[in-house]
Amino acid sequence: MTNMFQDWPEPVVRVQSLSESNLRTIPDRYIKPLSLRPTLTTHSALTVPIIDLSFISSADKSLRDETMDKISRACREWGFFQVVNHGVSPRLMDRAKEAWREFFHLPMELKQVHANSPRTYEGYGSRLGVEKDAPLDWNDYYFLHYRPSSLKDYAKWPSLPLGCRKVIEDYCKEQVKLCEKLLRILSVNLGLKEDRLQNAFGGTDEAGACMRANYYPKCPQPELTLGLSPHSDPGGLTVLLPDDHVAGLQVRRSDQWITIEPAPHALIVNIGDQIQVLSNAIYKSVEHRVMVNSAKERVSLAFFYNPKGDVMIEPLDEIVTVDSPAIYFSPMTYDQYRLFIRTQGPQRKSHLDVLTSPR
Ligand code: OGA
Ligand code: NI
């Protein structure tokens, strides 16, 4: 099993190189079957809720309660919400995105220094999953660890543009604070003690945090492919900083794909599989996907806040009752779950099924 993860099964092609080679048609491996191709227009009155997080600490109790309630409904009904006034400095958000945009615009040989392997995925990558001949998505990315400190290794962070490590560090630090706050809110909303989810994640020092900067180059045939295939996020919580200039992220709502229109300096929060398991599916990790386009590239920063790798993740005792028995009874640690997912790449939500079947 370990050997399989040492390297990619075939030479890696940077999507950026394909994009810049002015192809008129995309290679077959990026062409999705008809049923998976993007629907370019979703005329829908439905939008992902936008929540002003500063209201959580308002002096006005009814405003606090209303905000908690909005988050509760968003977690149950959407698995997604946008937050504004979230405490992460807008200037830092802009600087972080700019640093990553500059990284992706560096000459290829400077980026290749950081080329990743499926062993840890850290670094510059162009695919998920190690299956030979698997279909590919239209994106390049950079993945790095921020927490726990034992996994953080500046040598695996980009060295250019100059000063980017400091910006990434500052950005991740603020994101961790936001995620800790969100976990407290979700715990209270689930009727738990405020620190319950954080403890289930292994505490503040041991919880995992990592980021994935996504680069979606321009695509000559956006109607045939996807920047990211439908998937749910495997971890705890995701906080996404979207591109302000280009929409692309779509969220599944029953059989519709709803395009998220980001509010200015908003962050997009979504529930990952681990919180779905801990909450015994009261909260859902909802499928999402990314469309690309022919006119503009897109950069997004996904920050993932995850349980410590070696704690068992199973429905919380306080939530499981005679009337609502545990639906996940084959628990895994997050490390085990992540390894399992990495063998397969983005695959709708079938990953969670492994937790509901005896092993
Ligand atoms: C992800 C993701 C969405 C986007 O990185 O898991 O869903 O808009 N990204 O880039
Ligand atoms: Ni995602």
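A quick note: this is a predicted structure, and the numbers were derived from the prediction, not measured. First listed ligand is number 1; within each ligand, the first listed atom is number 1.
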Problem set entry | Closest candidate by heavy atom, reference atom 10 (O) of ligand 1, pool Ala213, Ser300, Ala247 |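 Heavy atom nearest to atom 10 (O) of ligand 1 belongs to Ser300.
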
Problem set entry | Heavy-atom nearest neighbour of atom 6 (O) of ligand 1 within options Gln250, Met211, His231 |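 Answer by nearest heavy atom: His231.
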
Problem set entry | Note: Arg64-Asp60 ion pair, threshold 4.0 Å (strictly below) | no

Using a strict 4.0 Å cut-off to heavy atoms of [X], name the atoms of ligand 1 that fall inside it.
X: Arg212; answer: 5 (O)
X: Ala302; answer: 5 (O)
X: Tyr216; answer: 4 (C), 9 (N), 10 (O)
X: His288; answer: 7 (O)
X: Leu249; answer: 3 (C), 8 (O)

Exercise. So which of His288, Arg289, Glu287 actually passes side-chain hydrogen bond (donor to acceptor under 3.5 Å, both in side chains) with His231?
Worked result: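 Result: among His288, Arg289, Glu287, His288 is the only option passing the side-chain hydrogen bond (donor to acceptor under 3.5 Å, both in side chains) with His231.
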
State whether a side-chain donor-acceptor pair under 3.5 Å links [X] with [Y].
X: Asn293; Y: Tyr216; value: no
X: His86; Y: Asp52; value: no
X: Ser187; Y: Glu194; value: no
X: Gln112; Y: Arg14; value: yes

For this session: Give a yes or no on this: more than 12 heavy atoms of other residues, nucleotides or ligands lie within 6.0 Å of atom NZ of Lys152.
Result: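 Atom NZ in Lys152 is packed in, count exceeds 12.
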
Exercise. Closer than 4.0 angstrom: is that true for some heavy atom of Tyr141 and an atom of ligand 1?
Worked result: no

Problem set entry | Any Arg298 heavy atom less than 4.0 Å to ligand 1 | yes

Please report which non-hydrogen protein atom sits nearest to [atom], along with the residue it belongs to and the distance in Å to one decimal place.
atom: atom 5 (O) of ligand 1; result: Asn214 ND2, 3.3 Å
atom: atom 3 (C) of ligand 1; result: Val290 CG2, 3.6 Å
atom: atom 2 (C) of ligand 1; result: Leu228 CD2, 3.5 Å

Exercise. Is the Tyr142-Phe103 ring centre distance short of 6.0 angstrom?
Worked result: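 Centroid separation for Tyr142 and Phe103: below 6.0 Å.
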
For this session: May I ask you to decide if Gly235's main-chain N or O and Asp273's side chain share a donor-acceptor pair within less than 3.5 Å?
Result: no

Problem set entry | Name, closest N/O/S atom of Asp233 to the Ni ion (ligand 2) |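 That would be atom OD1.
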
